[in-house]
Amino acid sequence: MGLSKTIWTNPTEYLRNQQPENPVLFFAPQVVQATARRFLDGFPGLVTYAVKSNPSEEVVENLMAAGVKGFDCASPFEIDLIRRLDPDTAIHYHNPVRSRPEIAHAVARNVTSWSVDSRSELAKLIELVPFEGCEISVRFKLPVSGAAYNFGAKFGATAELAADLLKTVAEAGFIPSITFHPGTQCTDPEAWASYIREAALIAAKAGVKIARLNVGGGFPNNRVGGEKVDLEAIFQTIDRVATESFGADRPQLVCEPGRGLCGDAYAVAAKVKSVRDDAHIFLNDGIYGSMFEFSQIGIINRIDVLDPRGHRRMGAIQGRVVFGPTCDSVDRLPGEVPLPADVSEGDYVIIQGMGAYSTVTNSRFNGFGELACVTVLSLKL
Ligand SMILES: *Cc1c(COP(=O)(O)O)cnc(C)c1O
């Protein structure tokens with residue numbers, strides 16, 4: 001990604017002045033810092049950031065500046081990134097399947113929190129990780145509810161296996177903890193509540209007092225125009241149900257939001273390459289670019305269209321078929337995208353809430369994907 005040295009007032013000012021031919025991601029540091037403060041003030045425990053959702057250094061550095069003191073890493077690359085920016089911060093290695101060299105890499109970089117969801121991977125950790133002061137969190141899953149995307153399809157032990165693993169973790173001398181992930185873009189606080197209740201049953205079944213309960217990520221960002229996500233309602237439910245379920249044995253709480261922290265700090269501007277025969281819209285960004293996730297969990301409908309002079313298109317909103325720039329027919333935004341009727345070639349389509357799973361999943365397929373990143377004071381047009 002190209003980095004602009006200049007800080008612009010907002011996307012409109014940049015687009016009007018620069019007329020970019022390639023798609024642009026606009027980043028507002030103030031938004032990521034304000035969101036971090038919302039988590040730090042509201043969440044009843046330690047806030048860590050799931051680096052995979054947006055590993056840009058500008059995001060990580062702003063989160064550190066705002067006071068975020070822990071990072072959930074999925075790979076040696078992410079561990080090295082965090083260690084370079086802060087040699088002492090807490091790193092949780094919560095990808096539950098790792099090769100032996102990956103485990104050794106993390107041990108050498110003083111990673112002391114791990115997650116696990118299987119006997120084979122736990123055996124590797126017991127063999128390769130010194131247990132003193134080291135935490136292993138057993139990850140379990142429930143049938144999903146409330147989330148846009150089911151993470152349990154890949155990771156998470158059943159309750160029964162989780163109790164077994166937890167016992168083994170404690171017997172091996174590690175600090176025993178439990179973790180789960182309710183699924184990404186989860187808007188229903190009850191999803192966390194049912195996981196927390198089940199975690200207490202698992203600990204009781206194992207006869208193990210857990211040190212910490214990591215309630216995962218999944219915190220939503222604003223994807224639906226006119227609706228604001230209610231993070232505080234989720235925080236309050238987590239706090240209340242943790243006390244109800246664990247009583248005097250209530251563990252310390254940890255969360256590891258990715259999307260919830262970075263999602264609303266970015267907007268993308270994609271240029272209209274063509275309105276083909278007055279029907280289909282072709283953008284210079286799409287499913288193989290920053291919009292990969294739309295194919296998984298649906299579009300964000302917080303959309304504005306600016307003409308090349310930076311004036312907002314005000315036509316009646318119509319559903320349109322929208323394609324990305326590649327020659328692959330998969331490269332179509334799902335469903336019909338609400339756009340003003342007067343959208344024209346050369347316009348910019350600006351979509352808010354694009355901070356998570358966008359910079360990292362952008363590919364160079366067909367020679368596209370030259371995505372610029374520009375810092376702005378505000379994302380308001
Ligand atoms: C991806 C992931 C997260 C972050 O998920 P979001 O939905 O972006 O909050 C947190 N923890 C783990 C273990 C993950 O794999």
Side-chain angles (χ1 to χ4, degrees), residues 32 35-36 38-39 42-43 45-56 59-60 63 68 70-75 77-79 82 90-98 102 106 111 113-118 121 135-142 144-157 162 177-189 191-192 195 199 212-223 229 231 234-235 238 253-266 290 292-294 296-298 300 353-361:
V32 87
T35 311
R38 205 170 152 194
F39 270 89
F43 182 76
L46 177 70
V47 177
T48 68
Y49 173 56
V51 177
K52 73 165 194 262
S53 61
N54 186 329
S56 308
V59 171
V60 173
L63 290 172
V68 172
F71 293 84
D72 164 35
C73 293
S75 63
F77 177 90
E78 291 183 359
I79 290 168
I82 297 302
I91 293 181
H92 299 176
Y93 193 174
H94 278 183
N95 181 342
V97 177
R98 317 160 185 86
E102 285 171 340
V111 170
S113 278
W114 310 72
S115 72
V116 81
D117 68 352
S118 63
E121 297 308 299
E135 172 187 50
I136 296 181
S137 301
V138 173
R139 177 157 166 188
F140 75 100
K141 68 175 164 192
L142 290 176
V144 279
S145 63
Y149 188 78
N150 177 11
F151 274 30
K154 185 161 179 185
F155 293 129
S177 292
I178 294 182
T179 187
F180 59 83
H181 192 303
T184 204
Q185 186 68 15
C186 184
T187 48
D188 182 5
W192 279 272
Y195 268 98
R212 301 204 287 185
L213 176 63
N214 187 321
V215 301
F219 300 86
N221 78 308
N222 289 297
R223 299 176 67 86
V229 304
L231 293 175
I234 299 173
F235 299 154
I238 290 170
L253 298 177
V254 185
C255 65
E256 48 189 19
R259 173 195 311 286
L261 276 171
C262 67
D264 287 333
Y266 283 74
S290 76
F292 166 74
E293 223 200 6
F294 292 4
Q296 312 293 305
I297 68 172
I300 298 175
M354 288 291 295
Y357 309 106
S358 53
T359 62
V360 263
T361 52

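In this text the structure is predicted, and so the values were computed from the model without any measurement. Start at 1 and go down the list; that is how both ligands and their atoms are numbered.
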Next item on the list: Could you tell me whether ligand 1 has any atom less than 4.0 Å away from a heavy atom of Gly218?
Entry: yes
Notebook entry, point to check: When you measure from the side chain of Thr179 to the backbone N and O of Asn214, does any donor-acceptor pair fall under 3.5 Å?
Noted result: yes
Item checked: Phe235 ring center within less than 6.0 Å of Trp192 ring center -> no
Margin query: Would Lys52 count as being in polar contact with ligand 1, using the rule that some N or O on each side must be under 3.5 angstrom apart?
Written below: yes
Next item on the list: Would you mind telling me which of His181, Glu256, Glu135, His94 makes a side chain to side chain contact (heavy atoms under 4.5 Å, CB included) with Ser115?
Entry: His94
Check: Can you list the ligand 1 atoms lying under 4.0 Å from a non-hydrogen atom of Tyr357?
Finding: 1 (C), 4 (C), 5 (O), 6 (P), 8 (O)
Check: Near Pro257, which atoms of ligand 1 are under 4.0 Å from a heavy atom of that residue?
Finding: 9 (O)
Check: Are Phe219 and Cys186 side-chain neighbours, meaning at least one heavy-atom pair lies under 4.5 Å?
Finding: no
Next item on the list: For Thr184, take its heavy atoms, then give the atoms of ligand 1 lying under 4.0 Å from any of them.
Entry: 6 (P), 7 (O), 8 (O)
Next item on the list: Please check if the side chain of Asp72 supplies one atom and the backbone of Ala50 the other of a donor-acceptor pair under 3.5 Å.
Entry: no
Next item on the list: Evaluate the side-chain proximity of Thr48 to Val68: yes if any heavy-atom separation is below 4.5 Å, no if none is.
Entry: no
Checklist line | Contact atoms of ligand 1, heavy-atom distance to His94 under 4.0 Å | finding: 13 (C)
Note to self: Quick check on contacts: which atoms of ligand 1 are under 4.0 angstrom from a heavy atom of His181?
What the structure shows: 2 (C), 3 (C), 4 (C), 5 (O), 6 (P), 7 (O), 10 (C), 11 (N), 12 (C), 14 (C)
Next item on the list: Mark up the atoms of ligand 1 that fall under 4.0 Å of a heavy atom belonging to Gly258, in ascending order.
Entry: 4 (C), 6 (P), 8 (O), 9 (O)
Check: Can you tell me if Asp264 uses its side chain to pair, donor with acceptor, with the backbone of Asn222 under 3.5 Å?
Finding: yes
Note to self: At less than 4.0 angstrom from any non-hydrogen atom of Asp72, what atoms of ligand 1 do you find?
What the structure shows: 10 (C), 11 (N), 12 (C), 13 (C)
Next item on the list: Can you figure out which of Gln185, Arg259, Glu256, His92 has its heavy atom closest to atom 11 (N) of ligand 1?
Entry: Glu256
Margin query: Parallel, tilted or perpendicular: which one describes the rings of Tyr195 and Phe180, with boundaries at 30° and 60°?
Written below: parallel
Check: Just which atoms of ligand 1 are under 4.0 Å from any heavy atom in Arg139?
Finding: 13 (C)
